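A short write-up of the structure that comes next.
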Number of protein chains: 2
Amino acid sequence: MSTKERRLRAFAEREKVFLDAARELIASNGMLNLQMQRVAHLCDYSVGTLYLHFTSKEDMLLALLTERASERIKLFQTVARWQAGTRERMLGFVLADVIFARQQPLFFHLHQYLTTQVISAATSPSRRQQAHEVHQPLAAIFEAVIREAQACGDLPSSSLSPFQIGSGLWALSEGIHTLVHAEGLLDAYRIENPYQLLFQHVNALLNGLNWQPMCDLNNASSGQQLIECIVSAVFSDIDPLITAPLFSAIDQDSQ
Amino acid sequence: MSTKERRLRAFAEREKVFLDAARELIASNGMLNLQMQRVAHLCDYSVGTLYLHFTSKEDMLLALLTERASERIKLFQTVARWQAGTRERMLGFVLADVIFARQQPLFFHLHQYLTTQVISAATSPSRRQQAHEVHQPLAAIFEAVIREAQACGDLPSSSLSPFQIGSGLWALSEGIHTLVHAEGLLDAYRIENPYQLLFQHVNALLNGLNWQPMCDLNNASSGQQLIECIVSAVFSDIDPLITAPLFSAIDQDSQ
DNA sequence: GGAACACTATGAACGGGATTCATTTTTTGA
DNA sequence: TCAAAAAATGAATCCCGTTCATAGTGTTCC
């Protein structure tokens with residue numbers, strides 16, 4: 001009975017085709033102008049067929065986001081495999097997130113948009129579930145490093161669970177991204193390189209947790225050197241246009 | 001030539017009437033079901049008149065958000081006037097933010113929704129500008145405390161500007177709010193009281209900045225006592241239903 | 001082979017609601 | 001009092017997301 005399997009596979013493949021088309025259309029016209037009609041027509045299918053896959057437009061966008069989770073996880077895994085201290089790897093995770101946001105601004109916006117309650121309510125529960133499952137490994141990866149740090153004495157044991165400890169870094173990172181994308185906010189305060197700022201805050205937080213080896217916050221350039229070092233050790237394959245502004249003084253970022 | 005002035009005042013008053021109606025309708029039917037028609041009719045005006053005030057629905061929502069900024073600022077000012085150490089006051093700001101988010105969940109959702117680039121793009125530049133201006137005092141208030149801390153030696157001077165230092169706390173706070181509202185995320189990790197977690201992270205970050213007096217992170221209950229103390233000193237007029245879960249172990253929060 | 005059946009795909013039509021603008025009403029000032 | 005200017009109106013428009021009755025295609029079994 002391979003008929004059914006074959007059909008399922010074909011269905012899954014078609015879903016990818018739709019998502020590719022959606023991505024392409026968003027890339028050229030912006031998320032605001034994405035129309036279900038156009039997605040369907042670009043793939044030579046009818047709208048009805050498109051709606052066999054997604055319960056709504058938002059549902060499709062969430063699928064698009066979920067599809068890309070694996071790339072983010074890959075970046076995290078690269079960091080996790082890196083032979084370095086636990087603290088360096090934690091910084092590496094934050095860096096990975098920044099790189100991801102810069103590499104794929106579209107996905108960052110999608111994430112932000114779909115996290116909103118109003119919009120999230122328009123997605124199907126099953127796809128929300130799927131999105132969660134797919135992101136699970138992200139947390140698992142950094143939890144492992146936190147456990148390792150506690151085991152080897154880099155990090156004092158705490159009443160908090162590893163996830164709870166990590167959530168602080170996660171929130172800090174998420175929050176900076178939000179501030180960065182709140183139009184005009186950073187201009188108003190003449191903050192030129194928000195991501196360098198993020199690393200400073202992360203270092204402060206890690207220091208506050210007594211995560212060894214402690215870092216001298218007054219020496220900003222050594223912090224930048226560390227980032228540069230992580231980039232060349234772990235992310236040497238990433239386009240320098242994306243990574244360079246993270247440790248050099250001048251920010252060429254134009255979002 | 002008071003005619004013009006009178007008209008302007010009347011216009012501003014009518015805008016308030018519209019915003020009140022919008023708030024009422026959102027409160028009863030949810031943001032998703034807000035219709036411009038209904039807002040206009042509830043005020044006995046035509047849709048056209050409504051559109052003399054707002055360039056779009058999103059523009060109206062942003063106005064609604066901006067209108068409420070003063071309440072948030074009031075909470076901050078209460079904290080700023082409190083006769084206490086600088087570190088306590090910084091915690092107080094974070095607490096004020098949490099209280100605001102719990103008191104006015106609607107405005108929190110609006111904020112989240114309108115910060116999104118997709119939605120923000122649908123608002124008028126002038127209103128975005130206005131929203132910025134109105135929020136300016138928020139930053140000014142906490143910057144003053146940071147300056148004071150540096151002056152009195154609670155906080156070592158740094159190469160970062162006061163705003164830059166504060167932005168870390170701001171981001172952390174914003175990020176936790178985001179995680180809290182990302183449906184199901186906290187359930188998945190059995191995090192019962194995210195705001196207690198926020199205070200722990202804030203304390204870690206402040207410790208990391210060497211903000212005196214340092215706080216013992218292992219003693220969670222003393223942290224909770226501090227929150228309780230701030231609440232009774234500064235926010236005694238706030239409904240205990242809102243403040244109690246912030247320092248007691250059981251979280252009755254149901255968003 | 002082909003008839004009956006089940007499963008898929010279709011896209012015109014529907015519906016909901018934001019936005020507009022030609023027209024009417026009100027206010028102003030001489 | 002009245003023409004000109006300003007403000008208000010709401011029916012009509014337009015735009016899209018979503019649906020569903022119908023047509024098409026593949027499958028099964030005699």
Side-chain angles (χ1 to χ4, degrees), chain A residues 1-19 21-22 25-26 29-64 110 113-114 118-124 127, chain B residues 1-19 21-22 25-26 28-64 113-114 118-124 127:
Chain A
M1 177 53 65
S2 79
T3 333
K4 211 160 201 173
E5 281 174 26
R6 192 180 346 114
R7 274 205 195 138
L8 279 175
R9 206 175 330 125
F11 191 80
E13 269 162 27
R14 195 172 57 185
E15 190 152 316
K16 268 188 195 151
V17 170
F18 280 136
L19 291 178
L25 285 174
I26 293 178
N29 308 319
M31 221 165 101
L32 207 59
N33 301 315
L34 182 69
Q35 285 167 235
M36 296 304 264
Q37 289 272 11
R38 292 197 196 150
V39 175
H41 286 357
L42 187 60
C43 310
D44 287 317
Y45 283 105
S46 68
V47 233
T49 308
L50 183 56
Y51 273 88
L52 293 177
H53 290 262
F54 311 106
T55 63
S56 69
K57 189 178 176 176
E58 286 76 19
D59 198 54
M60 189 182 75
L61 292 175
L62 182 54
L64 198 51
L110 268 180
Y113 184 66
L114 292 167
V118 196
I119 306 300
S120 172
T123 60
S124 69
R127 211 171 286 274
Chain B
M1 176 54 64
S2 79
T3 333
K4 211 159 200 173
E5 282 173 26
R6 191 179 348 115
R7 269 205 198 139
L8 280 175
R9 205 173 331 125
F11 192 81
E13 269 162 28
R14 194 173 59 187
E15 190 151 315
K16 267 188 198 154
V17 170
F18 280 136
L19 292 177
L25 285 174
I26 293 178
S28 52
N29 309 319
M31 216 165 103
L32 206 59
N33 301 315
L34 182 70
Q35 285 168 233
M36 296 304 264
Q37 289 271 12
R38 293 198 196 151
V39 176
H41 285 357
L42 187 60
C43 310
D44 289 316
Y45 283 104
S46 69
V47 233
T49 308
L50 184 56
Y51 274 88
L52 293 176
H53 289 262
F54 311 106
T55 63
S56 70
K57 190 178 174 176
E58 287 75 19
D59 198 54
M60 190 182 74
L61 292 175
L62 182 55
L64 198 52
Y113 184 65
L114 293 167
V118 195
I119 306 300
S120 171
T123 59
S124 67
R127 211 171 286 275

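Below, chains carry the letters A, B, ... as their sequence lines are ordered, and counting in each starts from 1. Everything numeric in this text was worked out from a predicted model, so none of it was measured.
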Candidate list Y45(B), F11(B), Y51(B), test ring pair (Phe, Tyr, Trp, His ring centres under 6.0 Å), partner F18(B), passing option
Y45(B)
Looking at A22(A) and L34(A), what are the two nearest heavy atoms and their distance?
O-CD1, 4.0 Å
From CG of L50(B) across to P of dA18(C) the rounded distance in Å is 10 Å
Determine whether a donor-acceptor pair (N or O, by modelled atom type, separation under 3.5 Å) exists between the side chain of S56(A) and the backbone of A122(A).
yes
Find the distance Y45(B):OH to dT26(C):C1' and express it as a whole number of Å.
13 Å
By nearest-heavy-atom nucleotide on DNA chain C, the more 5' of Q37(A) and T49(A) is T49(A)
Can you work out whether N33(B) or V47(A) has the more 5'-proximal nearest nucleotide on DNA chain C?
V47(A)
Gap between atoms CZ and C1', on R14(A) and dT10(C) respectively (whole Å):
11 Å
Spacing of CG belonging to L32(B) relative to CD1 belonging to I26(B), to within rounding of 0.5 Å:
11.0 Å
To the nearest angstrom, the OH-P distance between Y51(B) and dT19(C) comes to 3 Å
Atom pair distance, as rounded to whole Å: CD in Q35(A) and P in dC14(D)
15 Å
Given dT18(D), dT19(C), dT28(C), the nucleotide with the shortest approach to the side chain of R6(B):
dT28(C)
Separation of H53(B) atom NE2 from dA8(D) atom C1', in whole Å?
10 Å
Spacing between R7(B) atom CZ and dT26(C) atom P, to the nearest angstrom:
14 Å
Does a side-chain N or O of R38(B) approach OP1 or OP2 of dA18(C) to a distance below 4.0 Å, or not?
no
Measure the distance from CG on L52(B) to P on dA6(D) and round it to the nearest whole Å.
14 Å
In terms of the nearest nucleotide of DNA chain D, which residue is placed more toward the 5' end: L34(A) or S46(B)?
S46(B)
